[in-house]
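To keep things clear, I will list the structure first and then write my remarks on it.
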Amino acid sequence: MASNQLLALPVIALAVLLWPQKTVDAISVGFQRENAMPKGNIKSFDLKSRMTLPYGPDLYGSEVPQSPDDQPYRGYGPGMGASETIEYDPLNHFLYSMSDQGFILVADYADPSSPKISDYSFKTESNKLGSMSICPDQGVMLLSLSKAGRIDVYDLVSRDDPKVPTLQKSVDCGPNAKNVLASKDCSVAAIANTNAGEGLEQGSVTILQDVLSDAPKRTTIPLDYNEWDDAYLLRRGLNMPMTKNALEYWDDYSHLADDLDFSELRDNYKSSIFLEPENLAWGPDEMELLVNMQENNGLLRINMTDLSPVAVAGYGMKDHSFVPVDINANDGDCKLKTYPSLFAMRNPDQIASLKYNDKNYVITANEDGGKEYGDWEEAIKSNDLFQGPNFKLQNVIVPKFIFDENNTSAGHSALFNDDCQDTTADEEELCLRKVEFSVGSNSIDFESDPKNPIFYRMVLFGGRGWSIYELPENPRNQLKLVFDSGDAMEREGCSNFPWSHNALMDEELAPVTGPNNTFVKFLEADGDLDMIADVMEKNDPEEKGCLDQGDGTPGSCPLSQMVDKRSGKDGAGVENVIMGEACGRLVTAMATEKSSIGMLFDITDITTPELLHVFHLSPAARDSSFGLAYNAGEIGEIDPESGVFLSAKESPSGKAGILWAGALSGTVSWWEFDCKEEEEGSSSTKQQSGEQPVSAAAAFFQGIVMGDDAAGLYIWDVHVDAIAAVDY
């Protein structure tokens, strides 16, 4: 097993309790640090089985089309989103996979080495589901229906009396119900409600109490709480895609002023319209609900005792003048560099909650972001922003050290300018014309003067890794960053799988000919013209496809031909945090969204994670296109958005492991831990306290955790207030 020690600090006897996010066991798992098994007790972490799930009925086969009632489903096809979310019932050993097309696929994992699709899959009453949460003890699953604004409750499959789940009840939960999270006893369900990018709907959280009763109590918690205005949210470090002053700028003074009309929004403005509740996690004892706000790069804490929002706090920024990053999509290589005045929001997608000794922590999977509202977009390409001697955003002031209109090759934006010329003598100085920047509050100060805002730094979307924060006992204090993976996800991913570095494989690379070319057929000519054009383009070798998709025929490109394609956007972005106890150690795992590189970390020492293993979830995609690898039955997890950790007690094999789902490949794999045998009564069964040597690499990561300037990273954001000292 590959091993890489990221951090080595003195080991302290600590107690650990774990609250997993969206797993089947939401109660705390006792983990006494002083009784932890020694380092190295995880012998291996290996793939044991993989299965491909149908997305639903075969609606496009040469035979008579299959109906939703026909079993088993045979509608296979890459890109169809057959496994957007998975959950696992440890009492009956059935896996539930939520399809993007509104189907729930049920797989039998009684024998995890040979799982099978069951006869109990079913079609829901919606063609578009938001998320899923299950309650094994109560035998029910909760499905959020985004457009319908409700929660549907179905029963689970019982091993003793198996049958297709039926709808038990529906509960209204407000518009745009994105994610649902049930409490351990299923008496409470929390739902994240977002603004869909139009109208005046506020970001909110809905709490359903007594959700399984005949009369559930619904409480909507709007996020326009008390003093939570723009000034407060900015002070707390949140990214606001729009503020009231920003609306004034875009509507009246920007280059888009003639095309935008925000008059109704400005007349009825509330900050909460641009607060985006995303994923949810329970805090300790379920006394607190933690709400991740991806687009805002921040966390909301809700007191479950009185159902009140307590505070928000930003996740801070990564300073890429010190933390290397690969944002060059043009060189087809993994060259990580630093850039002055360049920062990145972390924009985590999913979070997990952890109680470690007497302190509470949150682990974040840092993906990307970018808000859209009507015809306005927060993301802008760098060469659209810096156009020779012209700065795209009309009436915006830019410091000369960033952009000098009289000398575009002098400022920190020089490489990002549309007029940039590649330096032939130095391959390191390649132009970066299509990097995505934010024009939200983390990069532009609209508050000082909306007529003449100040662009004070270049900001990327996505932290390209993962982080650990200590939750302050007083929620009104800021989060404390205790670990950030820095450039490890890109660096280690490239070191182990250079052919997959920041590569791209998604639904746009689904096949347009041959077997299982379902995705392109599924698209509707009226509403999906852009997607259809994109799929056709990426399958055409004269456009963005490849002459050889892996068998000598033209088609979409294998991963090895797509290296660097995500470097200018989110790079090694990850969506999911999978966490639990294996072999007496506390571990977490995650995978890059678009390139399927997985990593396993030992976090038994919470501030000094150790990289245990780097692996690939779809090695067949290296030299075969999405369609070829899929049709050969060799595709692994493409777009690994969802995963479930199973303890040894929950696992059907009796060994701890991870179920990993590929949203677009429709595959689920079972990875199992193997532990070293321990000698009974041996002193080696307990980790001994004491000083350990710190390597050079460990010293660097220690600097990241502690905020040591000498190590080259400023942990926390330089907020808007700090720009007063800048000489314009």
Side-chain angles (χ1 to χ4, degrees), residues 197 239-262 265-266 274 295 317 320 327-330 339-345 347 368-422 430-462 567-570 720 723 726-728:
N239 174 60
M240 295 300 292
M242 282 286 195
T243 62
K244 191 169 186 177
N245 281 353
L247 284 170
E248 180 183 343
Y249 165 75
W250 291 107
D251 215 13
D252 294 344
Y253 309 112
S254 75
H255 64 289
L256 299 174
D258 292 338
D259 301 318
L260 298 174
D261 182 5
F262 288 143
L265 180 58
R266 291 168 66 180
F274 291 97
E295 313 295 354
M317 310 278 280
H320 287 303
I327 52 175
N328 193 336
N330 302 318
Y339 300 90
S341 299
L342 182 67
F343 292 77
M345 292 183 279
N347 298 118
D368 67 356
K371 174 70 176 176
E372 296 181 9
Y373 188 93
D375 295 330
W376 177 88
E377 295 183 21
E378 182 185 356
I380 187 171
K381 293 287 177 58
S382 54
N383 62 327
D384 289 334
L385 191 60
F386 301 103
Q387 300 179 340
N390 301 312
F391 186 68
K392 179 74 171 182
L393 305 186
Q394 185 176 304
N395 296 314
V396 172
I397 299 171
V398 189
K400 284 192 175 182
F401 69 84
I402 294 179
F403 173 73
D404 186 346
E405 61 183 8
N406 297 315
N407 185 2
T408 58
S409 63
H412 295 166
S413 63
L415 294 176
F416 303 98
N417 199 299
D418 194 49
D419 278 359
C420 173
Q421 301 295 317
D422 290 332
L430 294 175
C431 298
L432 306 166
R433 296 185 184 88
K434 295 188 180 295
V435 178
E436 282 197 352
F437 288 155
S438 166
V439 291
S441 67
N442 269 338
S443 61
I444 302 177
D445 171 19
F446 295 99
E447 309 312 303
S448 298
D449 182 1
K451 295 181 181 180
N452 298 112
I454 303 167
F455 182 93
Y456 61 99
R457 60 183 170 191
M458 300 174 288
V459 175
L460 305 172
F461 295 102
S567 289
K569 187 171 175 61
D570 56 359
V720 177
I723 66 172
V726 175
D727 181 11
Y728 300 107

To the closest 0.5 Å, what do you measure between [atom1] ([X]) and [atom2] ([Y])?
{"X": "Asn417", "Y": "Thr408", "atom1": "CG", "atom2": "OG1", "result": "5.0 Å"}
{"X": "Asn245", "Y": "Glu447", "atom1": "CG", "atom2": "CD", "result": "4.5 Å"}
{"X": "Ser382", "Y": "Arg433", "atom1": "OG", "atom2": "CZ", "result": "9.0 Å"}
{"X": "Asp445", "Y": "Asn452", "atom1": "CG", "atom2": "CG", "result": "11.5 Å"}
{"X": "Ser254", "Y": "Leu393", "atom1": "OG", "atom2": "CG", "result": "8.0 Å"}

Quick one, [X] and [Y] - any side-chain contact, counting heavy atoms below 4.5 Å?
{"X": "Leu460", "Y": "Met345", "result": "no"}
{"X": "Ser409", "Y": "Asn407", "result": "yes"}
{"X": "Glu248", "Y": "Tyr253", "result": "yes"}
{"X": "Leu342", "Y": "Ile327", "result": "yes"}
{"X": "Leu385", "Y": "Ser413", "result": "no"}
{"X": "Asn239", "Y": "Glu295", "result": "no"}
{"X": "His255", "Y": "Lys392", "result": "yes"}

Ring centroid separation for [X] and [Y], is it under 6.0 angstrom?
{"X": "Phe437", "Y": "Phe461", "answer": "no"}
{"X": "Phe403", "Y": "Phe455", "answer": "no"}
{"X": "Phe386", "Y": "Phe416", "answer": "no"}
{"X": "Tyr339", "Y": "His412", "answer": "no"}

Give the C-alpha distance, both sets of side-chain angles, the deciding distance and a yes or no for side chain to side chain contact (heavy atoms under 4.5 Å, CB included) between Ser567 and Asn328.
CA-CA 6 Å; Ser567 289; Asn328 193 336; 5.8 Å; no

Between Gln387 and Asp418, is there a side-chain donor-acceptor contact under 3.5 Å, judged purely by atom types and distance?
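No donor-acceptor contact under 3.5 Å links the two side chains.
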
Is there a donor-acceptor pair closer than 3.5 Å between any side-chain N or O of [X] and the backbone N or O of [Y]?
{"X": "Arg457", "Y": "Ile444", "result": "no"}
{"X": "Asn330", "Y": "Cys431", "result": "yes"}
{"X": "Asp570", "Y": "Asp368", "result": "no"}
{"X": "Ser443", "Y": "Gly440", "result": "yes"}

Under 30°, 30 to 60°, or over 60°: which ring-plane class applies to Trp376 and Trp250, parallel, tilted or perpendicular?
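Plane angle over 60°, so perpendicular.
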
In Phe446, Tyr373, Phe262, the residue satisfying side-chain contact (heavy atoms from CB on, under 4.5 Å) with Leu247 is Phe262

Do Lys371 and Glu378 sit within salt-bridge range, that is, some charged N less than 4.0 Å from a carboxylate O?
no

